Each structure stands twice: as structure tokens, then as C-alpha cells.
Amino acid sequence: MVRRSSSRIGPRRANQALLILVPLAVVTGLVSNTIGVASWPAPAAIHGVVALAVVVVTPWKAPTVQRGLGRRTSGRITSLALLVLITIALATGLVHSSGLTDRLGPFTTMQVHIGSALGALVLVAVHARARPVPVRTTDLDRRAFLGTAVLGVAGLASWVSWEGVLWLVGSRGADRRFTGSHERGSFEPSAMPVTSWFDDAVPRIGAADWSLDVDGRLLTYEELREMPHDDVTAILDCTSGWYSEQRWRGVRLDRLLQTDARSFAVRSVTGYGRRFPARDLKRIWLVTEVGGRPLSAGHGFPARLVAPGRRGFWWVKWVAAVEPSGVPAWLQLPFPAT
Ligand SMILES: Nc1nc2c(c(=O)[nH]1)N[C@H]1C(S)=C(S)[C@@H](COP(=O)(O)O)O[C@H]1N2
Ligand SMILES: [Mo]
């Protein structure tokens, strides 16, 4: 009798918990990949606690899946696919945090992690529609409150244990940044990874063939190089899970462009681009050098942005144009589309 009721209540509660925890894991993951300025507690840590709470919940769901394996209803297949995706997302999350490998075949570990997590999010939604878990008033009772507290503590304990293991075995995962990223090639530009957001190939641009369009005014490479440059030590932190600190040298954007417009857009030779609020003109540099030498093709020659405190995808490479814009900076996708 006791077994029966626990297996009936267990999966139900587990479904409710997953319905909350999986979206929460995705949101905290996205936040970890958006922020560039430290906050406490680190979003990557919150993400870890939430994700490990999913590990704690998942076994409760096992009885439903076991019972369902024989029956091939589409709801069961969704449940099973959900479990598989959650397992992949958790495994790749742990692999990433340990620093074991940042590639899995043709993909980066992060691509598999984000892909499987977004897939799980879709399936949680599908699953919830197909098999709605009505929230009864009794669900909001003291037991539910206790359950939530137990989950939180269990998630936190699992996270502390995992981080403790990384530290004990001297894993490079032990000193990640607050974003969860691992250090790569700091102050050694040739050891810094060359990354594209999605599919940009490295363009080979000759200095003589290039010019910079600043609000309609064309500047040659030589003219840009002759402008006053600043040294800027800043960390490039890529959403694929690594960061690198370098000494960059470049022209602060407010020396290139003064404007009353609300924002400005920076566009690459490749078509890639981002829009920034106008106040950022005095916090972003158009750099031509890293580590005392001109940029390499991969890192953005002839010129690329350095935007301290912003994640790597804002650091537009192979800049072709800087132009004022009337469109507010927040009116764009939070991440580039291509
Ligand atoms: N034109 C262009 N600029 C780009 C990208 C891109 O795909 N195209 N990727 C961005 C991303 S996601 C990162 S992390 C940094 C990587 O810079 P790096 O290759 O010099 O390490 O460049 C940014 N600038
Ligand atoms: Mo990136």
C-alpha cells in the first residue's frame, strides 16, 4: 500500500518539480552566458545548484518511465526523450565544468549542452500539455514547501560536493570564472582560441583594401593607426566556456564618433554586428593590436572591438562600420541570430 501510493505521488511531484526546475535551469544558464560583470551569488553557481536539483528529482520519475517502456504511447516516448536530453545536458554540464574537454566530435561541449537543454525545455512544455499536472490546493501545502526546501538543500549539497571534488583532484575546473568559463592563453594571444559565434569564416583582409566607415566618413588603416591609442587590459569571455585576458591597444570609440543618437551599431565585414547604447562609446575600444602586435586575421585584423565587461559575442571582429542609430540598443536579439 505504502509503495503504491509513493509511486503514484512520486512521479506526479517529480513532474511538477521538473516543470519548474528545467525552465529555471535554462534561464539561469542563459543568464550565465549573458552577464559580463561579476555578481554574487554567481549565476553559474545558481545554475549548477538548480541543475543538480534536477538530478535529485529525476529518479522519482523513473517508475513512470519504466511502466511506460512497454507501452508505446507518444506521451511515454516524450517522457523517455526528455530523460535522455536531461541526461545529456547534465553530463555535458559536468564535463564542461570539469574542463575535461571542450569538444565532442564536430560540436563544442557547450553546443551539445545548450542544444540538449533547449530540447529538454521544449519537451517539458510538450509533456506538460499532453499530460497536464493539475495543481491541487493540497500541492501547495506544507509538504510541498518541505519538498522544495529539501530539493534546494540537496541541489546545493550536490553542487558543493562536485565543486569540492574538482578542487580536491586539482582539476582545472576548480578555478573557473564567475561565468563558469575556463582560462585559455591569457597574455599569450597566439594561444587564445579563435572563435566565431556561429558560422563566420575568417576573412583575409589586406590593410590597403580596408577602410572604416564612421557615420559616412571613410578612414584608412593608416589613418586609424595614427589616432591616439590606449592600452586596455581586458578579458574576452566567450559563451562557449573559455576566457582570455589580454593587453589590447586601440582607439576609444568616443574619439571616432560623437553623436546625440541613442545608440550606435558596429558592423563587421562579414555582416555580423551588434548595437550598443551611446554611453558605451567611452567604454569600448576599436583595437588594432593585442600583446604589442597587430591583430592576427583570426582575432579580427584590421580592427575589432574590445568591450570590457561585455561577453565575447559583443566584441565584433573585422569591423567595417560604426554608425549612429535611432533604434534603442535593447531592441535587438539578446544573442546574435547568425
Ligand atoms: N564578425 C564577427 N565577430 C565576432 C564573432 C563572429 O562570429 N563574427 N564572434 C564573436 C564571439 S562569439 C567571440 S567569443 C569573439 C571571439 O574572439 P576571438 O576569435 O578573437 O577569440 O569574437 C566575437 N566577434
Ligand atoms: Mo563567443
Side-chain angles (χ1 to χ4, degrees), residues 29-37 43-44 96 102-103 107-115 176-205 209-213 232-250 253 264-276 280 284-323 329 332-338:
L30 287 177
V31 170
S32 308
N33 262 344
T34 315
I35 55 140
V37 177
H96 172 259
D102 44 24
R103 286 209 79 86
F107 303 105
T108 65
T109 307
M110 260 307 169
Q111 281 168 337
V112 180
H113 181 66
I114 295 171
R176 277 168 293 145
R177 217 174 160 232
F178 63 91
T179 57
S181 293
H182 298 265
E183 195 276 326
R184 294 272 185 284
S186 285
F187 302 107
E188 212 184 318
S190 59
M192 172 171 55
V194 167
T195 309
S196 274
W197 172 255
F198 202 49
D199 57 357
D200 266 4
V202 173
R204 305 281 154 178
I205 304 166
D209 307 326
W210 178 84
S211 64
L212 175 70
D213 179 339
V232 186
T233 301
I235 295 175
L236 197 176
D237 190 331
C238 175
T239 51
S240 69
W242 57 269
Y243 74 86
S244 192
E245 184 166 23
Q246 304 291 344
R247 268 189 72 203
W248 311 88
R249 203 168 153 70
L253 288 184
F264 63 95
V266 178
R267 199 166 34 78
S268 168
V269 168
T270 64
Y272 184 96
R274 295 300 284 166
R275 205 164 34 234
F276 302 83
D280 277 17
I284 296 182
W285 283 261
L286 184 66
V287 310
T288 56
E289 287 182 23
V290 61
R293 306 182 55 177
L295 295 170
S296 64
H299 291 306
F301 184 86
R304 65 104 43 93
L305 292 190
V306 162
R310 285 186 182 269
R311 293 300 283 274
F313 64 85
W314 294 93
W315 297 39
V316 180
K317 298 192 279 190
W318 316 294
V319 170
V322 180
E323 51 214 15
Q332 67 186 321
L333 294 173
F335 298 103
T338 56

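One-based numbering along the sequence shown. Treat the numbers as computed from the prediction; the structure is a model and nothing was measured. Just so you know, ligand 1 is whichever comes first in the structure, and atom 1 is the first atom listed for that ligand.
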Colleague: Which ligand 1 atoms, with their elements, are less than 4.0 angstrom from a heavy-atom of Thr270?
Modeller: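 The list of qualifying atoms is 1 (N).
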Colleague: Report yes if some heavy atom in the side chain of Thr239 is under 4.5 Å from a heavy atom in the side chain of Phe313; otherwise report no.
Modeller: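 Yes, their side chains come closer than 4.5 Å.
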Colleague: I want to know if ligand 1 touches Asp200 in the polar sense, i.e. an N/O pair below 3.5 angstrom.
Modeller: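 By distance alone, the answer is yes.
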Colleague: List ligand 1 atoms under 4.0 Å from Leu236, heavy atoms only on the residue side.
Modeller: 14 (S), 17 (O), 21 (O)
Colleague: Short list, please: which atoms of ligand 1 are under 4.0 Å from a heavy atom of Trp318?
Modeller: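 It comes down to these atoms of ligand 1: 1 (N), 2 (C), 8 (N).
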Colleague: Would you mind reporting whether Thr270 and Pro203 have side-chain heavy atoms less than 4.5 Å apart?
Modeller: yes
Colleague: Hey, is Arg304 touching ligand 1 through its side chain, its backbone, both or neither, going by heavy atoms under 4.0 Å?
Modeller: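 Side chain only.
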Colleague: Without swapping roles, check the side chain of Trp315 against the backbone of Ala307 for a donor-acceptor pair under 3.5 Å.
Modeller: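 Answer holds: yes.
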Colleague: Regarding atom 4 (C) of ligand 1: of the candidates Phe335, Tyr272, Phe198, Trp242, which has the closest heavy atom?
Modeller: Tyr272
Colleague: Less than 4.5 Å apart, any side-chain heavy atom of Val306 and any of Val290?
Modeller: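 No - every pair of side-chain heavy atoms lies 4.5 Å or more apart.
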Colleague: To which protein heavy atom is atom 23 (C) of ligand 1 closest, and what is the distance rounded to 0.1 Å?
Modeller: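 The answer is Gly312 O, 3.2 Å.
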Colleague: Select one of side chain, backbone, both or neither to describe which atoms of Trp197 lie under 4.0 Å from any atom of ligand 1, heavy atoms only.
Modeller: both
Colleague: Looking at Asp280 and Arg310, is any side-chain nitrogen of the basic one under 4.0 Å from a carboxylate oxygen of the acidic one?
Modeller: yes
Colleague: Flag Pro193 as yes when one of its N or O atoms lies below 3.5 Å from any N or O atom of ligand 1, and as no otherwise.
Modeller: yes
Colleague: Between the side chain of Arg311 and the main-chain N/O of Ile35, is any donor-acceptor distance below 3.5 Å?
Modeller: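 Present.
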Colleague: Return yes if some donor-acceptor pair links the side-chain N/O of Arg274 with the main-chain N/O of Val316 below 3.5 Å, else return no.
Modeller: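 Judged by distance alone, no pair lies under 3.5 Å.
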Colleague: Could you tell me which atoms of ligand 1, counted from 1 in the order shown, lie closer than 4.0 angstrom to a heavy atom of Val194?
Modeller: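 Answer for ligand 1: 19 (O).
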Colleague: Would a distance-only check, ignoring hydrogens and angles, find a side-chain to backbone donor-acceptor pair under 3.5 Å from Tyr243 to Gly312?
Modeller: no
Colleague: Nearest to atom 24 (N) of ligand 1, what protein heavy atom do you find, and at what distance?
Modeller: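 Here the closest protein heavy atom is Trp315 O, 3.0 Å.
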Colleague: By number and element, which atoms of ligand 1 are closer than 4.0 Å to a non-hydrogen atom of Ser268?
Modeller: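 That gives atoms 1 (N) of ligand 1.
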Colleague: Give me the residue, atom name and distance of the protein heavy atom closest to atom 16 (C) of ligand 1.
Modeller: Thr195 O, 3.7 Å
Colleague: Considering the heavy atoms of Ser196, write down every atom of ligand 1 situated less than 4.0 Å from one of them.
Modeller: 7 (O), 9 (N)
Colleague: When you look for heavy atoms under 4.0 Å from ligand 1, do you find them on the side chain of Val269, its backbone, both, or neither?
Modeller: neither
Colleague: What atoms of ligand 1 come within less than 4.0 Å of a heavy atom belonging to Cys238?
Modeller: 14 (S)
Colleague: Looking only at protein heavy atoms, identify the closest one to atom 20 (O) of ligand 1 and say how far it is in Å.
Modeller: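 Checking every protein heavy atom, the shortest distance to atom 20 (O) of ligand 1 gives His299 ND1, 2.6 Å.
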Colleague: Below 6.0 angstrom between ring centroids: does that apply to Trp318 and Tyr272?
Modeller: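 When the ring centroids of Trp318 and Tyr272 are compared, they turn out to be at least 6.0 Å apart.
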Colleague: Which protein heavy atom lies closest to atom 3 (N) of ligand 1, and at what distance to 0.1 Å?
Modeller: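 The answer is Lys317 N, 3.0 Å.
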Colleague: Using modelled atom types and a 3.5 Å cut-off, is there a donor and acceptor pairing between side-chain atoms of Lys317 and backbone atoms of Thr195?
Modeller: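 Present.
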Colleague: Just so I know, are the side chains of Leu236 and Trp242 near enough to count as touching, which here means a heavy-atom distance under 4.5 Å?
Modeller: yes
